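I have placed the structure first, in the form of structure tokens, so that the comments after it can refer back to it.
If you're wondering where the values come from, they're calculated on a predicted model, not measured in any experiment.
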Amino acid sequence: MKRALIMPTIAMTILTCHLAAQTATPPQQEQKVFVVPGNKDWTDTGFVLKRGDRVTAKASGRIYFNERSDSSVGSNGLDGDYKSLRPEDYAACADPLPNENHACLIAKINNEVFKLGSNITFSGKEGKLYLGINDCTLTGKLGNSGLFGVNIKIERDAIAAKK
């Protein structure tokens with residue numbers, strides 16, 4: 001008699017687990033579009049990230065990194081050797097990320113600064129998210145104009161914690 005009751009109980013448990021897995025709640029998503037002016041130090045997104053969040057950033061637009069009309073770049077920044085292409089700009093000061101393209105779109109979380117460029121997905125970072133330009137001379141003769149539009153999508157708790 002006990003055996004007859006155990007089999008339906010096991011089958012019901014398996015079915016319940018299967019249905020629960022199929023109806024699991026997807027990660028909560030937040031999405032905003034930001035304007036990142038070429039002449040502003042950092043743009044506060046208001047987002048505070050947790051390690052399990054997956055962040056996707058897509059950017060477009062153009063900035064001019066000095067008053068010359070041929071200094072226009074997209075969010076991936078200046079291709080090539082900035083030091084030899086623009087020695088007058090390079091000598092002014094050091095970019096926040098000297099090993100990345102000059103005037104590319106960058107991010108800062110706590111004290112970590114990293115390149116975003118035109119399209120990136122990342123996770124595993126924790127703290128307040130800021131957006132900026134990889135340029136040390138944001139204003140003045142060598143200052144910037146223009147802007148990047150950046151769409152940020154955050155999937156909350158999308159990445160399972162490592163055990």
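Note that CG of Leu105 and CZ of Phe34 are 11.5 Å apart. Values are rounded to the nearest 0.5 Å. Considering OG of Ser75 and CG of Asn101, their distance stands at 10.5 Å, rounded to 0.5 Å. To the nearest 0.5 angstrom, Leu129 atom CG is 4.0 Å from Thr45 atom OG1. One distance of note links CD of Glu155 with CD of Gln31; it measures 9.5 Å at 0.5 Å rounding. Rounding to the nearest 0.5 angstrom, the gap separating the CD1 atom in Ile63 from the OG atom in Ser145 is 8.0 Å.
At distances below 3.5 Å, at least one donor-acceptor pair connects side-chain atoms of Ser71 with backbone N or O atoms of Asn66. Checking side-chain atoms of Asp53 against main-chain N and O of Lys50 turns up a donor-acceptor pair under 3.5 Å. Side-chain N or O atoms of Asn76 include none that pairs as donor or acceptor with a backbone N or O of Cys104 at under 3.5 Å. Side-chain N or O atoms of Asp135 include one that pairs as donor or acceptor with a backbone N or O of Thr137 at under 3.5 Å. For Asn134 (side chain) and Ala103 (main-chain N/O), no donor-acceptor pair under 3.5 Å exists by modelled atom type. Using a distance-only test at 3.5 Å, with no hydrogens or angles considered, no donor-acceptor pair links the side chain of Arg156 to the main chain of Gln28.
Classification of Glu30 and Lys153 as a salt-bridged pair fails, no side-chain N sitting under 4.0 Å from a carboxylate O.
Counting heavy atoms of neighbouring residues, nucleotides and ligands inside a 6.0 Å radius, atom CZ of Phe122 exceeds 12 of them. Within 6.0 Å of NZ in Lys32 there are more than 12 heavy atoms belonging to other residues, nucleotides or ligands. Summarising the local packing, OH of Tyr90 is surrounded by 12 or fewer heavy atoms from other residues, nucleotides or ligands at distances under 6.0 Å. Around the NZ atom of Lys58, the shell of radius 6.0 Å holds no more than 12 heavy atoms that belong to other residues, nucleotides or ligands.
Residues Asp70 and Arg86 share a closest heavy-atom pair of O-NH2, 2.9 Å. Residues Ala158 and Arg54 share a closest heavy-atom pair of CB-NH1, 3.7 Å.
The cationic group of Lys108 does not satisfy the cation-pi geometry with Phe114, failing either the under 6.0 Å distance to the six-membered ring centre or the 45° limit from the ring axis.
Applying the salt bridge (Lys or Arg N to Asp or Glu O under 4.0 Å) criterion to Asp44, with sequence neighbours excluded, gives Lys128.
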### Task
Could you go through the side chain to side chain contact (heavy atoms under 4.5 Å, CB included) check for Leu116 and Ile106 one step at a time?
CA-CA 5 Å; Leu116 291 182; Ile106 59 176; 5.9 Å; no
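The aromatic rings of His102 and Tyr82 sit parallel, their planes meeting at an angle under 30°, below the 60° perpendicular limit.
With no hydrogens or angles considered, a side-chain donor-acceptor pair links Ser72 and Arg62 at under 3.5 Å.
Using a 4.5 Å cut-off on side-chain heavy atoms (C-beta onward), Leu78 and Leu85 make contact. Inter-residue side-chain proximity for Val55 and Thr121 is flagged as unmet; no heavy-atom pair is nearer than 4.5 Å. Put simply, the side chain of Val36 does not reach to within 4.5 Å of the side chain of Leu147, judged on heavy atoms.
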